[in-house]
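For reference, the structure discussed in these notes is given below.
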Amino acid sequence: MSDKAEEIGTQETVEVQHDEHEEHHAHSFWRTYIFSTDHKIIGMQYGFCGLAFLFFGFCLIATMRWSMAYDGQAIPFVGPLLEALLGNNVAPGGVMSAELYNVFGAMHGTIMVFMGIVPAAFAAFGNYVVPLQIGAVDMAFPRVNMASFWAFFFGCVIMMVSFFIPGGAAQAGWTSYSPLATVIPTDGQTYWLIGMVMLITSSLLGAVNFLATIINMRAPGMTWLRLPFFVWAQFITAFLLLLAFPPLEAAGILQLMDRVLETSFFLPTGLVVGGQDVDVSGGGSPLLWQHLFWFLAHPEVYVLILPGMGIVAEIIANNTRKPIWGYKFLVGSVVVLGFLAFIVWAHHMYMTGMGTVISAFFQTTTLLISIPSVIILTCLLVSLWGGSIRFNTPMLFALAFLPMFGIGGLTGLPLGFNFSDVALHDSYYVIAHFHYVVAPGTIFAIFAGVYYWFPKMTGRKMSEYWGKVHFWSSLIFMNLIFLPMFAQGMAGMSRRMSDGGATYALANPDNADVTVGAFSDTIMGMNVSISAAAWAMLIAQLPFIINLFWSVKHGEKVESDNPWQATTLEWETPTPPPHGNFIKEVKVYRDPYEYSVPGAKKDFSPQSQPAK
């Protein structure tokens with residue numbers, strides 16, 4: 001398709017008049033900032049909620065780490081509060097019980113993934129930045145956008161309320177495997193399912209909106225290969241959400257029916273719990289839940305990482321002052337990755353007795369999906385070569401993303417082979433691998449994005465000094481937390497157990513004197529140092545929190561609408577962007593990353609600048 005033909009299908013951008021801007025601000029505070037249909041306000045709502053839940057989810061795991069490091073001892077400061085809020089039976093004397101550990105473990109995973117990273121990386125930055133980068137005045141369906149946020153918000157409220165109901169919140173892990181999730185004696189699991197249905201509905205509404213916006217509302221001249229890579233990353237992420245989430249939403253409704261209507265979609269015949277036969281009709285398949293869950297949950301990994309890759313690409317291009325190397329390779333890789341993400345899910349299920357032919361297929365697809373990931377990482381690394389690199393705070397986080405994501409990807413290869421996964425499955429090795437992808441990976445990209453786009457959102461910069469304090473402390477403590485977990489996992493320490501599986505193993509009389517492997521003093525002693533690093537990591541986020549709120553009113557004012565001297569369209573708007581975003585017609589003439597063009601007067605050529 002020619003560029004001209006593509007332009008005909010894109011948005012005819014009209015001039016935004018100041019009277020429209022005034023009309024927008026004539027609305028009440030509630031209509032403007034709470035029940036807003038403006039994509040920028042909704043993006044900030046998602047952002048603040050996502051960051052808040054990331055911090056809360058991290059507080060949960062910090063509390064759990066005390067139980068692992070000092071099992072049976074009261075938790076300082078927090079223990080009495082838990083006892084007062086949740087009851088003496090789950091936190092007697094301020095000591096975390098095994099049940100409370102399971103609650104915090106299940107809710108930590110749920111909160112960090114579905115209520116933290118997805119809203120922060122995909123919904124927040126996507127809502128705020130994507131319409132600006134494609135030259136649109138808003139999202140395609142503003143009211144659907146608002147409905148998406150409020151479905152997310154009410155889903156989060158339901159999840160949080162479940163902490164305080166009798167029996168506590170969900171205890172069956174963030175995967176909610178049947179039959180455990182159905183027979184476990186707490187209504188918290190029911191709340192979890194209702195909350196997940198709300199969160200999934202929110203993501204589906206958002207995905208449809210993103211796809212419609214990117215396809216139909218691009219400014220004249222914004223052809224597909226002129227889109228910034230961040231927009232491509234959000235576009236593929238929206239496809240992943242749209243296609244992968246419906247099976248899990250259906251599965252969640254079916255599991256909810258198993259709990260409240262006594263159906264047996266996932267409950268087998270002859271189920272025995274605690275030595276007693278469970279009175280169910282039976283005939284269901286627990287493995288069916290695993291298939292439906294992982295059909296979503298592996299594409300979900302790329303839902304978490306692709307927006308981060310897009311953010312990092314924007315920042316690297318801007319701070320190396322040169323075009324991204326291999327832009328078309330990047331675009332092709334995310335498209336291929338989006339396809340392959342749907343045919344690798346069963347590598348999470350090697351322990352289910354999978355046949356050799358099927359396991360060989362999923363081993364092959366798992367290795368294949370590493371190829372586009374390596375291409376993306378290579379393009380970003382090669383882009384650094386020969387650049388005039390500016391080591392500001394966004395760039396530091398973006399640079400750290402590259403080796404941290406590399407570690408996460410490489411350590412995932414042994415989990416892709418069934419013969420090695422049998423030994424490593426459900427061990428701390430899996431925790432370390434996954435967290436290297438999403439913690440110093442995606443979360444570092446989120447921090448980079450906050451520091452990078454904060455001046456456009458507020459007209460002020462965040463403190464560089466405290467930003468670098470935040471970066472270096474986070475980088476050091478992040479590695480001190482997760483690197484030792486590889487050793488723990490290879491030694492056999494089990495995840496999801498408050499003592500790493502020691503009680504479970506020692507229940508066998510033959511293991512009464514076991515002091516080797518996962519239960520040696522060296523491996524068990526790592527829990528103390530890992531926990532100390534986790535608490536230090538929690539404290540290391542305080543400079544970021546203070547910096548974020550302080551800079552809104554007191555940060556250094558930007559001197560122009562384009563303080564980073566960037567090329568993409570979001571820097572062509574007033575700062576902060578008004579309702580309608582652009583004050584004049586937008587037309588695109590250039591590729592997204594025309595930095596240091598030979599013969600140009602400046603070292604950046606904005607996309608809206610006509611080519612000579």
Side-chain angles (χ1 to χ4, degrees), residues 44 46-66 69 75-78 81 104 107-121 124-125 156 160 304 307-308 311-312 315 392-401 404-405 431 434-454 457-458 461-483 485 529-552 554-555:
M44 287 191 283
Y46 269 118
F48 279 111
C49 287
L51 290 173
F53 282 118
L54 283 174
F55 186 76
F56 178 71
F58 191 55
C59 289
L60 294 182
I61 199 66
T63 309
M64 294 166 64
R65 290 306 315 181
W66 176 271
I75 307 171
F77 309 112
V78 179
L81 182 62
F104 279 16
M107 297 305 290
H108 164 76
T110 302
I111 289 169
M112 296 297 270
V113 172
F114 298 107
M115 297 160 60
I117 296 178
V118 171
F125 287 114
C156 293
M160 298 304 292
L304 302 179
I311 294 169
V312 168
I315 293 170
N392 49 39
T393 302
M395 187 60 167
L396 290 175
F397 277 104
L399 289 174
F401 170 94
M404 298 296 100
F405 175 73
I431 291 182
F434 179 70
H435 282 79
Y436 260 103
V437 173
V438 298
T442 302
I443 294 178
F444 270 23
I446 291 172
F447 285 140
V450 171
Y451 285 104
Y452 181 65
W453 278 302
F454 187 87
M457 297 177 184
T458 66
K461 288 185 177 181
M462 295 176 69
S463 166
E464 276 290 309
Y465 173 81
W466 289 110
K468 289 175 180 177
V469 170
H470 175 222
F471 166 74
W472 286 110
S473 57
S474 296
L475 180 65
I476 292 169
F477 293 130
M478 193 79 77
N479 284 280
L480 290 177
I481 293 169
F482 297 115
L483 202 58
M485 290 185 184
S529 60
I530 291 172
S531 299
W535 302 326
M537 180 70 184
L538 187 65
I539 296 172
Q541 304 317 301
L542 296 181
F544 169 74
I545 296 170
I546 296 171
N547 193 3
L548 179 69
F549 288 102
W550 184 87
S551 298
V552 170
H554 305 288

Whether the side chain of Asn547 engages the backbone of Met462 through a donor-acceptor N/O pair (distance < 3.5 Å, no angle test) should be reported.
no
List the atom of Ser473, the atom of Ala540, and the distance in Å for their closest heavy-atom pair.
OG-CB, 3.4 Å
Hey, could you give me the CZ/SG distance between Phe104 and Cys59, rounded to the nearest 0.5 Å?
10.0 Å
Given side chains that start at C-beta, do those of Val438 and Ile443 come closer than 4.5 Å, heavy atoms only?
no
For the atom pair CG (Leu51) and CD1 (Ile545), what is the distance rounded to the nearest 0.5 Å?
9.0 Å
How long is the straight-line distance from SG of Cys49 back to CG of Leu54, given to the nearest 0.5 Å?
11.0 Å
Closest heavy-atom pair and its distance - Pro543, Val469
CG-CG1, 4.4 Å
Applying side-chain contact (heavy atoms from CB on, under 4.5 Å), run through Val450 and Phe544 and close with a yes or a no.
CA-CA 10 Å; Val450 171; Phe544 169 74; 3.9 Å; yes
Of all heavy-atom pairs linking Phe397 and Phe444, the shortest is CB-O, 3.6 Å
Roughly how far apart are Ile61 CD1 and Phe56 CZ, rounded to 0.5 Å?
12.0 Å
For residues Thr393 and Phe447, determine if any side-chain heavy atom of one lies less than 4.5 Å from a side-chain heavy atom of the other.
no
Looking only at heavy atoms, which two atoms of His108 and Leu60 are closest? And how far apart?
N-CD1, 4.0 Å
When rounded to the nearest 0.5 Å, the distance separating CE of Met478 from NE2 of His435 is 9.5 Å
Can you find a heavy atom in the side chain of Leu480 that is under 4.5 Å from one in the side chain of Ser529?
no
For Met485 and Tyr436, what are the C-alpha separation, side-chain angles and deciding distance, and is it a side-chain contact (heavy atoms from CB on, under 4.5 Å)?
CA-CA 11 Å; Met485 290 185 184; Tyr436 260 103; over 6 Å; no
So, for Ala400 and Leu475, which heavy atoms are closest and what is the spacing to 0.1 Å?
CB-CD1, 4.1 Å
Determine the minimum heavy-atom distance between Phe401 and Thr442, stating which atoms define it.
CE1-N, 4.3 Å
Taking C-beta and beyond as the side chain, do Ile311 and Tyr452 meet within less than 4.5 Å on heavy atoms?
no
Hey, what do you get for CZ (Phe434) to CZ (Phe482), rounding to the nearest 0.5 Å?
10.0 Å
Does Trp550 offer a backbone N or O that forms a donor-acceptor pair with the side chain of His554 under 3.5 Å?
no
May I ask you to decide if the ring planes of Trp453 and Phe125 are parallel, tilted or perpendicular, using 30° and 60° as cut-offs?
tilted
Check for a donor-acceptor pair, side chain of Glu464 on one end and backbone N or O of Asn392 on the other, with a separation under 3.5 Å.
no
Any side-chain heavy-atom pair of Tyr451 and Leu396 under 4.5 Å
no
Quick one, Val118 and Leu304 - any side-chain contact, counting heavy atoms below 4.5 Å?
yes
State, yes or no, whether a side-chain contact exists between Phe477 and Gln541 at a heavy-atom distance under 4.5 Å.
no
Measure from the side-chain N and O atoms of Ser531 to the backbone N and O of Arg65, and report whether any donor-acceptor pair falls under 3.5 Å.
yes
Whether the side chain of Ser551 engages the backbone of Leu548 through a donor-acceptor N/O pair (distance < 3.5 Å, no angle test) should be reported.
no
